[in-house]
Asker: 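I have a structure I would like to understand better, so I am pasting it below and will then ask my questions one at a time.
Basis for what follows: all heavy atoms, side chains included, without hydrogens, waters or symmetry-related copies.
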Amino acid sequence: MPNTIICQKIVSGIKEMLLCDDFISKFRTPGAFTRKRKLSMYQVILFLLYTSKRSMNLNLSNIRVDLHSLGFPAVSKQAVSKARKGILPELFLSLMHFVAETFYLLTDQRRSWHGYYPFAIDGSKIQVPGNRDTLSYFGSAHNDKARHRTAMAAASVLYDVSHDIIADALIHPFDHGERKAAGEHLAHLENMGLHKNAVILFDRGYHSFELMQHIDDKGYYFLERVQKNIHAFADVASDDEIIDYYPSYKKEAQIEPVTVRVLHVLLDDGSTEYLVTNLLSPAITPLMLKELYFQRWLVEGKYMELKSRWELEEFSGATHISVEQEFFINIMLSNLTAMIKADADKEIEQTRRPDNKYHYQANRANIIGHMKDFLPLMLCGEKAVAAQLEWIYGEALKGRSQIQPDRKSKRPRVQLKRKHFNNRKRCI
């Protein structure tokens, strides 16, 4: 089934879910939306899906015009801020999971890498509005040059590198461990039934014997980069060797080792990278594993998309509840955008002239802008779902950009500083 059709079914499903009082009432905080008020829970949900990074006053003015059928009342921004506290972020987490799960349920044939399905797990630190509530809930970070506490949250995603889909996403307090978050992602992957023949790609910060053992026991695979100071991997006799591994501190614990394959990979700059996997088949060569591991960088690009295109760190609300709400909304929108882009990229490539040496792709920013603008209109009935998504798809085919392969740039190491201010909002 084409991704565009899957996207239509997903948006129609979300529309039905939000119109069901039994569904949305499960996500009310105790005592919220129990008395007759100007704002209904449904109206506040649509406002959160509609709101942009502009000032709340502009959003409140525009929603009454753009979503006329919603009947959004003329209320103050304080009233909206208070009302949104009555909606648990788990509502949007549920919608985010619905998008990903429906995609995997309806897609005809999953793309694979030599019969395996690669997923990358990675975390990132997110700057959130700084106030007593967020500092207490998420915690803070600072360095020697920072003169104030910076409220920070820890985000983590389980990313399908073959389909550009975030299968799971989490936001936690700043000190929440990455490996703990990885365990939660693995549990979700197994609950979805997607772990069979899955290969989980980890960066070196995720090395954990317990994670390796769990994945191996469950019958799927991992490929991770490890630090050079782990002698069990650095001191193997050859550049491609199979060993029985358990950490030195476990020697007296009478545990079963994990059989792993250790690779020493020479990089272009002359340095050596250490990769460890339980993919033991000799048909999978070291060069193939090197190329597979480099697919992990796609998750870094996904974080760049979320932070620069979706402006993930520019939160319209200032409480930890609003931060979590907007985080899951952005992940959900990113997945819907990825589905449209995948179909557009495929058609652009199929219609490319044989004499054209350049390859093109749909402009992601163009699709993001349209999806953000039109999803609320589709959900409240202002626009027909199928017709509007077809229009977005058509615009994606027109707005294409040239692919520039093998682009490389050094990652900047920027000192932590405050970047986001509550009193600075976009006007456009």
Side-chain angles (χ1 to χ4, degrees), residues 113-114 116 118-125 154 156-159 161 176-183 185-186 197-301 303 406 408-413:
W113 176 86
H114 299 284
Y116 300 95
F119 289 85
I121 291 179
D122 197 27
S124 182
K125 304 304 181 184
S156 183
V157 299
L158 172 67
Y159 177 66
V161 300
H176 191 87
E178 285 186 331
R179 281 172 279 190
K180 185 177 180 180
H185 288 313
L186 295 179
N197 285 339
V199 183
I200 313 301
L201 308 179
F202 293 112
D203 200 7
R204 59 185 176 182
Y206 284 89
H207 173 66
S208 162
F209 177 75
E210 288 74 17
L211 282 177
M212 297 167 66
Q213 191 177 47
H214 174 85
I215 294 172
D216 196 62
D217 288 345
K218 293 291 184 179
Y220 54 115
Y221 306 95
F222 62 85
L223 173 62
E224 65 176 15
R225 180 164 67 118
V226 296
Q227 296 182 3
K228 300 177 181 180
N229 60 1
I230 304 179
H231 296 291
F233 304 136
D235 298 340
V236 295
S238 67
D239 291 342
D240 183 4
E241 188 165 331
I242 295 175
I243 65 171
D244 289 331
Y245 168 73
Y246 52 85
S248 57
Y249 65 87
K250 294 277 190 180
K251 282 186 177 180
E252 298 179 359
Q254 301 295 321
I255 60 170
E256 289 292 327
V258 176
T259 302
V260 297
R261 183 179 180 183
V262 182
L263 298 149
H264 293 183
V265 177
L266 185 65
L267 301 182
D268 295 339
D269 61 2
S271 62
T272 300
E273 193 168 76
Y274 300 89
L275 301 179
V276 178
T277 181
N278 62 340
L279 281 166
L280 308 180
S281 171
I284 307 297
T285 66
L287 179 60
M288 292 165 64
L289 289 169
K290 176 183 176 181
E291 293 172 349
L292 174 61
Y293 180 75
F294 283 151
Q295 290 190 34
R296 197 202 69 82
W297 285 100
L298 294 173
V299 74
E300 304 284 356
Y303 273 120
D406 302 322
K408 295 181 181 179
S409 59
K410 189 175 181 179
R411 179 190 290 186
R413 298 295 181 182

Asker: Ignoring hydrogens, what is the shortest heavy-atom contact between Ser156 and His185? Give both atom names and the distance.
Answerer: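 Nearest heavy atoms, Ser156 then His185: OG-NE2, 2.8 Å.
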Asker: Measuring only between side-chain heavy atoms, which start at C-beta, is Tyr303 closer than 4.5 Å to Asp122?
Answerer: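 Heavy-atom side-chain distance check passes, below 4.5 Å.
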Asker: Counting N and O atoms only, with roles assigned by atom type, does the side chain of Lys290 sit under 3.5 Å from a partner on the main chain of Thr285, one being a donor and the other an acceptor?
Answerer: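 It does not hold such a pair.
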Asker: Please identify each residue that fulfils salt bridge (charged side-chain N to carboxylate O under 4.0 Å, His left out) with Asp239, with sequence neighbours left out.
Answerer: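 Not a single residue meets the salt bridge (charged side-chain N to carboxylate O under 4.0 Å, His left out) criterion with Asp239.
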Asker: Do the non-hydrogen side-chain atoms of Ile121 and Leu201 ever get within less than 4.5 Å of each other?
Answerer: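 Heavy-atom side-chain distance check fails, nothing below 4.5 Å.
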Asker: Are the side chains of Met212 and Asp216 in contact, using a 4.5 Å heavy-atom criterion?
Answerer: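 No - every pair of side-chain heavy atoms lies 4.5 Å or more apart.
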Asker: Measure across Arg179 and Ser208 and return the closest heavy-atom pair with its distance rounded to 0.1 Å.
Answerer: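 Smallest heavy-atom distance, with atoms named: CD-CB, 3.6 Å.
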Asker: Can you confirm whether Leu298 sits close enough to Tyr159 that some side-chain heavy atom of one is under 4.5 Å from a side-chain heavy atom of the other?
Answerer: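 The answer is yes; the side chains approach within 4.5 Å.
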Asker: Where do Leu289 and Leu275 come nearest, in terms of heavy atoms and distance?
Answerer: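 That would be O-CD1, 4.2 Å.
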Asker: Which atom pairs, one a donor and one an acceptor, fall under 3.5 Å between side chains of residues 221-236 and the rest of the protein, sequence neighbours left out?
Answerer:
residue, atom, partner, partner atom, Å
Glu224, OE2, His207, ND1, 2.8
Arg225, NE, Asp203, OD1, 3.2
Arg225, NE, Tyr293, OH, 3.2
Arg225, NH2, Asp203, OD1, 2.8
His231, ND1, Asp235, OD2, 3.4

Asker: Could you walk me through whether Tyr116 and Tyr220 satisfy the side-chain contact (heavy atoms from CB on, under 4.5 Å) test, starting with their C-alpha distance in whole Å, then the side-chain angles of each, then the deciding distance to 0.1 Å, before giving a yes or no?
Answerer: CA-CA 9 Å; Tyr116 300 95; Tyr220 54 115; over 6 Å; no
Asker: Within the structure provided, determine whether Thr272 and Val265 are in side-chain contact (heavy-atom separation under 4.5 Å).
Answerer: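 No, every pair of side-chain atoms sits at 4.5 Å or beyond.
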Asker: Are the side chains of Leu158 and Leu186 in contact, using a 4.5 Å heavy-atom criterion?
Answerer: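 Heavy-atom side-chain distance check fails, nothing below 4.5 Å.
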Asker: Heavy-atom count check: over 12 atoms from other residues, nucleotides or ligands less than 6.0 Å from Lys125 NZ?
Answerer: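 Counting neighbours around NZ of Lys125, more than 12 heavy atoms of other residues, nucleotides or ligands fall under 6.0 Å, so yes.
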Asker: Give me the atom names and distance for the closest heavy-atom approach of Gly123 to Glu178.
Answerer: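 Where Gly123 meets Glu178 most closely, the heavy atoms are CA-OE2, 4.0 Å.
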Asker: Taking all non-hydrogen atoms of both residues, which atom of Ala120 and which atom of Val161 are closest, and how far apart?
Answerer: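 Heavy atoms only, the tightest pair is CB-CG1, 4.0 Å.
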Asker: Could you walk me through whether Thr259 and Ile242 pass side-chain contact (heavy atoms from CB on, under 4.5 Å), step by step?
Answerer: CA-CA 7 Å; Thr259 302; Ile242 295 175; 3.6 Å; yes
Asker: If you round to the nearest 0.5 Å, how far is OG of Ser124 from CD of Glu300?
Answerer: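 One finds 8.0 Å between CD of Glu300 and OG of Ser124.
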Asker: Working note: Ile284 + Arg261, criterion side-chain contact (heavy atoms from CB on, under 4.5 Å); need CA distance, chi angles, decisive distance, verdict.
Answerer: CA-CA 11 Å; Ile284 307 297; Arg261 183 179 180 183; 4.2 Å; yes
Asker: Treating Glu291 as the side-chain partner and Met288 as the backbone partner, does any N or O pair qualify as donor plus acceptor under 3.5 Å?
Answerer: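 Side chain of Glu291 to backbone of Met288: no pair is present.
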Asker: Under 3.5 Å, side chain of Arg296 to main-chain N/O of Ile200, donor-acceptor pair present?
Answerer: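 No, because the side chain of Arg296 does not come within donor-acceptor range (under 3.5 Å) of the backbone of Ile200.
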Asker: May I have the step-by-step check of side-chain contact (heavy atoms from CB on, under 4.5 Å) for Tyr246 and Gln213, ending in yes or no?
Answerer: CA-CA 9 Å; Tyr246 52 85; Gln213 191 177 47; over 6 Å; no
Asker: When rounded to the nearest 0.5 angstrom, what is the spacing between CD1 in Ile215 and OG1 in Thr277?
Answerer: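 Here the rounded value is 9.5 Å.
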Asker: Any side-chain heavy atom of Pro257 within less than 4.5 Å of one from Tyr245?
Answerer: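 Pro257 does not reach Tyr245 side chain to side chain.
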